[in-house]
Amino acid sequence: MMDSGDDDARLMRPLAELTSAASLDALNAALASERVDAARIVAVVFEPAFFDPVGRLVKPAYRVLYRRP
């Protein structure tokens with residue numbers, strides 16, 4: 001079986017990142033607004049809430065790393 005190279009080309013596409021609020025509805029809305037389909041998603045990371053060095057609360061969020069078309 002011969003490799004067509006399509007997978008290699010797909011893997012070489014530049015990456016992009018988006019952040020959404022930490023709810024599945026917000027995540028789905030952000031993915032839909034950017035037209036990101038599941039095949040292009042590389043990673044989804046949940047970032048819990050934390051306090052920054054100044055003491056401000058940073059709300060929890062989802063960060064998505066995906067391949068550009």
Side-chain angles (χ1 to χ4, degrees):
M1 182 174 214
M2 208 166 156
D3 184 23
S4 66
D6 290 341
D7 286 339
D8 292 336
R10 181 179 55 85
L11 293 175
M12 295 304 292
R13 292 182 185 154
L15 296 175
E17 181 179 341
L18 68 84
T19 303
S20 78
S23 75
L24 292 179
D25 289 337
L27 175 60
N28 287 329
L31 292 171
S33 71
E34 294 292 323
R35 295 187 174 120
V36 176
D37 61 356
R40 294 187 327 182
I41 295 174
V42 175
V44 178
V45 177
F46 174 74
E47 294 185 341
F50 65 94
F51 288 97
D52 69 7
V54 180
R56 293 177 296 211
L57 177 65
V58 177
K59 293 182 179 181
Y62 281 113
R63 295 179 78 189
V64 180
L65 187 64
Y66 65 96
R67 299 220 178 262
R68 294 183 186 257

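Just so it is clear, the model here is predicted, and its values are computed rather than measured. Numbers for residues simply follow the sequence, beginning at 1.
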Legend entry - Least distance between heavy atoms, Ala30 atom then Ser20 atom: CB-CB, 3.8 Å
Legend entry - Exercise: identify the closest heavy-atom pair between Pro69 and Arg13: C-CD, 4.2 Å
Inset, instruction - Pick out which of Val44, Leu27, Thr19 makes a side chain to side chain contact (heavy atoms under 4.5 Å, CB included) with Arg63. - result: Thr19
Inset, instruction - With rounding to the nearest 0.5 Å, note down the distance linking CG in Leu18 to CD1 in Ile41. - result: 8.5 Å
Legend entry - Spacing of Tyr62 atom OH and Leu24 atom CG [to the nearest 0.5 Å]: 4.5 Å
Legend entry - Euclidean distance, Arg56 CZ relative to Phe50 CZ, rounded to 0.5 Å: 10.5 Å
Legend entry - Shared hydrophobic cluster for Leu65 and Val36 (ILVMFWY, side-chain gaps under 4.5 Å): no
Legend entry - Joint hydrophobic cluster, Phe46 plus Val42, side-chain heavy atoms closer than 4.5 Å: no
Legend entry - Audit row: Leu15, Arg67, side chain to side chain contact (heavy atoms under 4.5 Å, CB included) steps and yes/no: CA-CA 5 Å; Leu15 296 175; Arg67 299 220 178 262; 3.2 Å; yes
Legend entry - Value rounded to 0.5 Å, distance of CZ in Arg68 from CD in Glu34: 9.0 Å
Inset, instruction - Using a 4.5 Å cut-off on heavy atoms from C-beta on, say whether the side chain of Leu57 contacts that of Phe51. - result: yes
